[in-house]
Student: 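I'd like to ask some things about the structure below.
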Amino acid sequence: MVKSYLRYEPALSFGVIASVEGNIAYDSSGKHLLTPALEKVGVWHVRQGICTKTLAPSTSSSRSGPSLAVTSIAPSPSSSSLVAVGYADGSIRIWDSEKGTCETTLNGHKGAVTVLRYNKPGALLASGSKDNDVILWDVVGETGLFRLRGHRDQVTDLVFLESTKKLVSSSKDKFLRVWDLETQHCMQIISGHHSEIWAMDADPEERYLVTGSADPEIRFYTIKHDSENTQAISNEKGAVIVNSGDMTSQNKWEVLKLFGEIKRQSKDRVSTVRFDKSGSLLACQVAGKTVDIFHVLGDVLASRKAKRRLHRKKEKKSAKGALGTTESKEDTKHASEEDGNTPTVTVSDVFKHLQTVRAGKKICSISFSPITPKNSLATLALSLNNNLLEFYSIESSTTTKTLAIELQGHRSDVRSVTLSSDNTLLMSTSHNAVKIWNPSTGSCLRTIDSDYGLCGLIIPQNKYAFVGTKSGKIEVIDIGSGTCIDTLEAHGGPVRSIAALPNENGFVTGSADHDVKFWEYQIKQKPGQDSKNLVLSNARTLKMNDDVLVVVVSPDAKYIAVALLDCTVKVFFLDSFKFFLSLYGHKLPVLCMDVSSDGDLIVTGSADKNLKIWGLDFGDCHKSLFAHADSVMAVQFVRNTHYMFSVGKDRLVKYWDADKFELLLTLEGHHADVWGLAISSRGDFLVTGSHDRSLRRWDRTEEPFFIEEEKEKRLEEMFEADIENAFENKHVPREELPEEGAVALAGKKTQETLSATDLILDALDVAEVELKRIAEHQEENTKGNVTEYQPNVIMRGLSPSNYVLHAFTNFHTNDLEQTLLALPFSDGLKLLSYFKDWTSNPDKVELVGRLATVLLQTHYNQLVTTPAARPVLTLLKDILYERVKECKDTLGFNLAAMDHLKQLMASRSDAPFRDAKAKLLEIRSQQSKRLEARTDTREEKRRKKKKKTSSDMHALTGF
């Protein structure tokens, strides 16, 4: 009989607050902050500081692992619950953050999604990727509209210009491109940056666009609206590439015009630039520890500042004239300003540096809260590269840190994980802290400051734990109080391994100082103390001739196995320390090992990527398995079995049968090296800790599986991966794009689109056969041979037309174009013949319109030259236009009715709040004026003082 095994599946992932790959973002309500947490999105309640929900893709719908890392987050401006999330495999998912469900999946990019931006109504979504393309998506219709191609490197940021229906894209190719969304072409290419452009943003009123790069300055552009004429603004050295020669056409196509530059204080490259919701503040985050905050002045205040600047220049000039100096170039430059009454507003007049926010670690991303607090200008959220969230209150003179979310995760990678004997507690160690977790819920129970912990052990009754550190100390931790009660100088080198002694109050440690030490612990009352505490003492020491890497004690307490740096494993009798066996065979040092519960087998994992299974009776190697693509970091037997788990630096967890020497399962999920492994005493779950700072629990299910089935599944996955590589053949030379860019279809060919095409072809064949049977049956009836018609069972009681229509409900609307592109012309013609019946259903008119458009665009030449297609097209021409007009009229009527209802509701419900809204706007404007007035007063006093000093000097000296 074929042996079956029980499957292990991912159950829980915890310990990650914010990963470094993606950006953080507030939702439109400002109550929740959305953070990337590897493949999940965490929804954090800002005021409570807790994660209320996680948005995680189901393992059945897509492959887990590094390809699913979240790389971009964009909340919808029109809905507080809808969130667009971009992933490293190029897919985009629209989530409902309140329900925690995925509404739709959009596939179009071949590289990781780098940026997502909604337009203000929230109906359109623009995405940029590492594949250099920009795709515009219809969020309501859940489909891609078109792909904009032209950039020569990855797209880094996108901005919608609502007033002009334009889209601006920035890229690492040092260019900005302005795309006209109506004509779908690139209308302006802006150069001038000397390095890669990393970020850009436009203020809410769309007056200015700011860009940041590795250049030492930030660049500002003015945005020309269609309604206004082009005006001359202070323009410094900027190159705008346009395809026209005369000045009038150049102005016509010039949407962005260089306004000026502001020198940055930091030498690091700009990572993010963002305006707040009101447009009064601008944050410039660099790829370091600082965020520069700029105050954006209004037109009146900016012109007033420009007048003061001009007045100071006149005073300087008059002072120079009195001293008999010649007129400088600077004075000549601004001569026109002096003669005219209205001075030119420069970038320094509009954008004034307010202050700098400094964080303790490198900042990954920033986000302004859409809610403006009462006592401050804005709230700014930061995500740091050490798995930490910080919130700052921005005030006119100071910046205050109001909140930090840090307890729910380690600041660095998880080095070891240990379960308690009753599986109720989990201990993880890191470079500066030890955390105690509840493994069933993933909640952090205790956080204890510690040295760099390399290994750990929780003793029975769950009161105390021991941690071996990199500095050679053993820390004794009281789990109940969450404190370190004692620290012993145990070894002269790092304590690399710790193992409990069965049925004894003791444990063994192995260190790089060549010693294996045996320890005993007792709960005693120390002299001068009231309470009883755990006392640790060294009982015995076993000297080795090389660094000790791993120590393991057999469950029957008969043997102790010690792995050394010389790639060997020495086995000794535990009671007498007498040498028993030497296990030699690994080419690189053994990093982990374990002994089975019955004491028959010992398994060793090494940096040479292999697992070796040895017999503990004679020391013979039963089998050597090439286990991982990188070093094997941990291996452990499931209790009372010969099944074992191994983890490695290749990010994988593998399940083995040590009797059959077979790989049973491969568990993917971690995004970096896996360092630690702990299996429950019953074998019903295991926990792994990784360099990606996450802890993952994998549960045993009741679902059985067979080795042969898993082998076939792995081969199928390899075959599908080869097919995907064939779609994206990297050796095929890429087509050369024209300078002005090009437009292409939004979707991409995948295994799903090919499967959908096969479904449609099968449905067309079945329907064609059924139509022939119906025709034959009707012919028999006319001849007088009346028989009962037996419909095809496969069609499930549907008519041939409805059966074909049903085939289109089995795939995403986003895949429609790519699915129809793979359809042969003959089958496309068959499909067109069904459109007449489908248009009778008003709900299907939109689908029929899309299908007809794609088929006509794809097979235009064949349709024109095929006589059989003319009757079908003539029929569609009469019906389709009429049906589409009916739907359009219905939609227009409904929209007008909804607008009317909206106006009625606004007139009834908004009245009590109008005065409050006006008052709020008035208070904000007064605050802004007060801030500016203070600045004016200071500068006026300084100027008067300077003038008085110069006049006094003149009176004294006579010059």
Side-chain angles (χ1 to χ4, degrees), residues 8 10 15 410 413-420 423 426-430 437 439 453-458 467-468 470 494-500 508-510 548-553 561-563 569 586 588-597 601-614 625-639 641-656 658 663-681 683 685-698:
Y8 283 81
H410 281 288
D413 53 335
V414 179
R415 288 308 302 250
S416 74
V417 288
T418 311
L419 279 166
S420 61
N423 308 318
L426 170 72
M427 183 173 73
S428 60
T429 64
S430 181
W437 309 82
L454 298 177
C455 54
L457 174 69
I458 300 175
V467 176
K470 197 173 184 180
V495 181
R496 297 194 180 276
S497 183
I498 187 167
V508 189
T509 56
V548 178
L549 299 180
V550 195
V551 175
V552 171
V553 179
V562 182
V569 176
H586 283 290
L588 289 172
V590 173
L591 303 177
C592 54
M593 60 182 173
D594 194 28
V595 180
S596 61
S597 301
L601 299 177
I602 180 170
V603 60
T604 56
S606 166
D608 62 10
K609 310 173 189 177
N610 290 319
L611 283 175
K612 288 185 184 289
I613 301 167
W614 315 78
L625 302 167
F626 181 73
H628 291 268
D630 210 328
S631 302
V632 184
M633 299 309 297
V635 64
Q636 192 173 338
F637 278 102
V638 178
R639 194 170 178 181
T641 69
H642 281 183
Y643 306 145
M644 60 186 184
F645 283 91
S646 66
V647 298
K649 284 188 175 180
D650 59 356
R651 310 174 180 182
L652 300 178
V653 180
K654 294 193 175 184
Y655 185 31
W656 306 85
L663 173 63
L664 304 179
L665 282 177
T666 300
L667 304 174
E668 296 183 17
H670 280 292
H671 294 242
D673 309 350
V674 188
W675 292 104
L677 166 70
I679 304 176
S680 68
S681 56
F685 72 90
L686 67 141
V687 180
T688 53
S690 168
H691 185 72
D692 61 14
R693 301 182 183 131
S694 72
L695 293 152
R696 291 176 189 265
R697 197 185 83 223
W698 316 79

Student: Hey, does the side chain of Thr418 reach the backbone of Ile458 with a donor-acceptor pair shorter than 3.5 angstrom?
Tutor: no
Student: Calculate, to the nearest 0.5 Å, the distance between atoms SG and CE belonging to Cys455 and Met427 respectively.
Tutor: 8.5 Å
Student: Return the minimal non-hydrogen interatomic distance between Val551 and Gly510, and the atom names on each side.
Tutor: CG2-CA, 3.7 Å
Student: So, Ser497 side chain and Val550 main chain: donor-acceptor pair closer than 3.5 Å or not?
Tutor: no
Student: Does the pair Leu652 and Glu668 meet the rule for a side chain to side chain contact (heavy atoms under 4.5 Å, CB included), with working shown?
Tutor: CA-CA 5 Å; Leu652 300 178; Glu668 296 183 17; 3.5 Å; yes
Student: Do the non-hydrogen side-chain atoms of Ser430 and Val414 ever get within less than 4.5 Å of each other?
Tutor: no
Student: Once rounded to the nearest 0.5 Å, what's the spacing between atom CD1 of Ile679 and atom OG1 of Thr688?
Tutor: 10.5 Å
Student: Return the minimal non-hydrogen interatomic distance between Leu611 and Gly605, and the atom names on each side.
Tutor: CD2-CA, 3.8 Å
Student: Between atom CG of Leu665 and atom CH2 of Trp698, what is the distance when rounded to the nearest 0.5 Å?
Tutor: 10.5 Å
Student: Is there a side-chain contact between Val569 and Val562 (heavy atoms, below 4.5 Å)?
Tutor: no
Student: Could you list the donor-acceptor pairs under 3.5 angstrom formed by side chains in residues 625-637, with sequence neighbours left out?
Tutor:
unit_1, atom_1, unit_2, atom_2, d
His628, ND1, Asp650, OD1, 3.0
His628, ND1, Asp650, OD2, 3.1
His628, NE2, Ser646, OG, 2.8

Student: Assess, by modelled atom type and distance only, whether the side chains of Ser428 and Trp437 contain a donor and an acceptor separated by less than 3.5 Å.
Tutor: yes
Student: Specify the closest pair of heavy atoms between Ser596 and Thr641, including all atoms of both residues, with the distance to one decimal.
Tutor: CB-O, 4.4 Å
Student: Under a 3.5 Å distance rule, please check whether Ser690 uses its side chain to pair with a backbone N or O of Asp673 as donor and acceptor.
Tutor: yes
Student: Side chain to side chain contact (heavy atoms under 4.5 Å, CB included), that's the test. Do Thr429 and Leu454 meet it? Break it down for me.
Tutor: CA-CA 7 Å; Thr429 64; Leu454 298 177; over 6 Å; no
Student: Suppose we screen for side-chain contact (heavy atoms from CB on, under 4.5 Å). Which residues come up paired with Ser606, at least two apart in sequence or across chains?
Tutor: His586, Leu588, Asp608
Student: When you look at Met593 and Ile602, which way does the side chain to side chain contact (heavy atoms under 4.5 Å, CB included) test go after all the steps?
Tutor: CA-CA 7 Å; Met593 60 182 173; Ile602 180 170; 4.2 Å; yes
Student: List for me each residue that meets ring pair (Phe, Tyr, Trp, His ring centres under 6.0 Å) alongside Trp614, sequence neighbours excluded, and say none if there are none.
Tutor: none
Student: Closer than 3.5 angstrom, by distance alone: can the side chain of Asn423 be matched with the main-chain N or O of Ser681 as a donor-acceptor pair?
Tutor: yes
Student: Can you name the nearest heavy-atom pair linking Gly453 to Arg415, along with the distance?
Tutor: O-CB, 3.5 Å
Student: Surrounding NE2 of His642 (heavy atoms of other residues, nucleotides or ligands, distance under 6.0 Å), is the total greater than 12?
Tutor: yes
Student: Any chance you could measure Arg496, atom CZ, to Lys470, atom NZ, to the nearest 0.5 Å?
Tutor: 8.0 Å
Student: For Tyr8, what residues pass the ring pair (Phe, Tyr, Trp, His ring centres under 6.0 Å) criterion, not counting sequence neighbours?
Tutor: Phe645, Tyr655
Student: Verify the distance criterion only: is there a donor paired with an acceptor across the side chains of Ser694 and His671 at less than 3.5 Å?
Tutor: no
Student: Taking side-chain contact (heavy atoms from CB on, under 4.5 Å) as the test, write out the residues that go with Thr509, two or more places apart.
Tutor: Ile474, His491, Val495, Ile498, Phe507, Lys517, Trp519
Student: Could you name each residue pair satisfying salt bridge (Lys or Arg N to Asp or Glu O under 4.0 Å) that touches residues 686-697, not counting sequence neighbours?
Tutor: Glu39-Arg696, Arg697-Asp699
Student: Where the side chain of Ser680 meets the backbone of Phe685, is there a donor-acceptor pair that is under 3.5 Å apart?
Tutor: yes
Student: Measure the spacing between CG of Leu419 and CG of Leu686 and express it to the nearest 0.5 Å.
Tutor: 9.0 Å
Student: Hey, could you give me the CE/NZ distance between Met644 and Lys654, rounded to the nearest 0.5 Å?
Tutor: 11.5 Å
